[in-house]
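Data block below; observations after.
In what follows, every chain begins at residue 1, and chains take the letters A, B, ... in the order their sequences are listed. Only this structure's heavy atoms are used, side chains among them; waters, hydrogens and symmetry mates stay out.
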Amino acid sequence: MPELPEVETTANGIKPWLLNKTLKKIKVHNPSLRWRVPENLSDNFKGEKITNVCRRGKYILIETQKNSGLIIHLGMSGSLTVITKEKPLLKHDHVELIMQDDTIIRYNDPRRFGCVLDSEDFSKHPLISNLGPEPLSDDFTAKYLKYKSQNKSQAVKNFIMDGHIVVGVGNIYASEALFMAGINPKKAAGKISLQKYSTLVDAIKKVLLNAIAAGGTTLKDFVNADGKPGYFSQQLNVYGRKDKNCRHCNNPIQQIIQGQRSTFYCPKCQR
DNA sequence: AAGGATTCCTGTTGGC
DNA sequence: TGCCAACAGGAATCCT
């Protein structure tokens, strides 16, 4: 499941193949994704030079002109692969970006939770414009979280997974960061001290940076831009470890459901 | 208005 | 072993 580190790795992986190159055409093999891939993508982008490839939250932005271009999300099973020599199309290959030099970027997404869209102004696009700060930026601070959580009864785990609060903290790393910070995921966001938020902010940054350094953790279906799977490169302390011993206190890890998502935590270490 | 519930989809997993 | 139901998950959107 691509989380922020996987998206970062993917964006970095495809960047050298795209930057300052020109798009020859875009082939849409199957437009059926979370939102239908626009029919006229190829017309809009044919002959356009790519001026930047970057990440915002879990969106990959392929810029052709200042602040406009393609918006790609990998959903939970999406991947981008660089194709340099002939390779048969796979079942869930939805879109191909074909470059002037015949390099192909293939978008594959079995579960179709992702998207490939275009935008004339990223900063005004509804998917992008209301996003919270980047977790690895200096804007993401304990003070900010404390401010945003004022009077909130919402569980802190759901709070930090809300992209309007902070982007890129997915289900796996939310559990991991809360464990690292020693915070009970059920605790109301509004009742957490500034000091605890400081610990949490550090934990989120650390967990994400670790994963990026490891090339991205994943469960099953992530394939990085080189086409190599990036399985489980990082050790997970609580996620998926129901009934296993806590690595700190040896008591069993619990699994609960919050916001229809599994949360794993240690009731002894996280209060 | 806030926050919980639903929704999209298919590959994998667990139970019988 | 084989079949099938349950499950997982990002995040917009709907609903209360």
Quiz item: When you measure from the side chain of A/Trp35, which nucleotide among C/dA8, C/dG10, C/dA12 comes out closest?
Solution: C/dA12
Quiz item: How is A/Asn158 classified with respect to the nucleic acid when contacts are heavy atoms under 4.0 Å: base, sugar-phosphate, or nothing?
Solution: sugar-phosphate
Exercise. Look at the side chain of A/Ser153 and decide which nucleotide, out of B/dG11, B/dG3, C/dA12, has an atom nearest to it.
Key: B/dG3
Self-check item: Side-chain ion pair, A/Asp109 and A/Arg34, N-O less than 4.0 Å
Solution: no
Quiz item: Closer to the 5' end of DNA chain B via nearest nucleotide, is it A/Asn151 or A/Ser32?
Solution: A/Asn151
Exercise. Ignoring the backbone of A/Lys152, work out which of C/dA8, B/dG3, C/dG10 is nearest its side chain.
Key: B/dG3
Quiz item: Heavy atoms under 4.0 Å, any strand shown: does A/Arg112 hit a base, just sugar-phosphate, or nothing?
Solution: sugar-phosphate
Quiz item: Among side-chain atoms of A/Ser68 and A/Asp121, is any donor-acceptor pair under 3.5 angstrom?
Solution: no
Self-check item: Terminal axis angle for the helix from B/dA2-C/dT16 to B/dC16-C/dG2, five pairs an end, nearest 10 degrees
Solution: 60°
Quiz prompt | Rounded distance in Å - CG (A/Asn130) to P (C/dG10) | solution = 20 Å
Practice problem: Give a yes/no on whether any side-chain N or O of A/His73 is located under 4.0 angstrom from OP1 or OP2 of C/dA11. | Solution: yes
Quiz prompt | Rounded distance in Å - CD (A/Gln150) to P (B/dA1) | solution = 18 Å
Quiz item: Within this structure, what is the CZ-to-P distance between A/Phe159 and B/dA2, rounded to whole angstrom?
Solution: 12 Å
Practice problem: Measure the distance from CD on A/Gln258 to C1' on B/dA5 and round it to the nearest whole Å. | Solution: 15 Å
Quiz item: For A/Gln260, which contact category applies under a 4.0 Å heavy-atom criterion: base, sugar-phosphate, or nothing?
Solution: base
Quiz prompt | N/O (side chain, A/Tyr173) to phosphate O (OP1/OP2, C/dG10) under 4.0 Å | solution = no
Exercise. Check every strand shown and say whether A/Leu33 touches a base, only sugar-phosphate, or nothing at a heavy-atom separation below 4.0 Å.
Key: nothing
Self-check item: Contact summary for A/Met76 and A/Pro2, nearest pair of heavy atoms
Solution: O-CD, 3.2 Å
Quiz item: Hey, is A/Glu134 close enough to A/Arg56 for a salt bridge, meaning N to O under 4.0 Å?
Solution: yes
Exercise. Output the single nucleotide from B/dG11, B/dT7, C/dA12 whose closest atom is nearest the side chain of A/Arg261.
Key: B/dT7
Exercise. Over 60° means perpendicular and under 30° means parallel, so classify the ring planes of A/His94 and A/Tyr107, tilted if in between.
Key: perpendicular
Quiz item: For the rings on A/His248 and A/Phe179, is their centre-to-centre separation under 6.0 Å?
Solution: yes
Exercise. State, with a plain yes or no, whether a side-chain heavy atom of A/Leu194 is found less than 4.5 Å away from one of A/Lys146.
Key: yes
Exercise. Measure from the side chain of A/Arg34, starting at C-beta and using heavy atoms only, and say which of C/dA11, B/dT10, B/dG3 lies closest.
Key: C/dA11
Quiz item: Hey, is the side chain of A/Lys58 poking within less than 4.0 Å of OP1 or OP2 on C/dA11, counting only N and O atoms?
Solution: yes
Quiz item: Atom CZ of A/Phe113 and atom P of B/dT10: how far apart are they, to the nearest Å?
Solution: 9 Å
Quiz prompt | Interatomic distance, A/Leu74 CG vs C/dA8 P [rounded to whole Å] | solution = 22 Å
Quiz item: Are any non-hydrogen side-chain atoms of A/Phe159 and A/Ser149 less than 4.5 angstrom apart?
Solution: yes
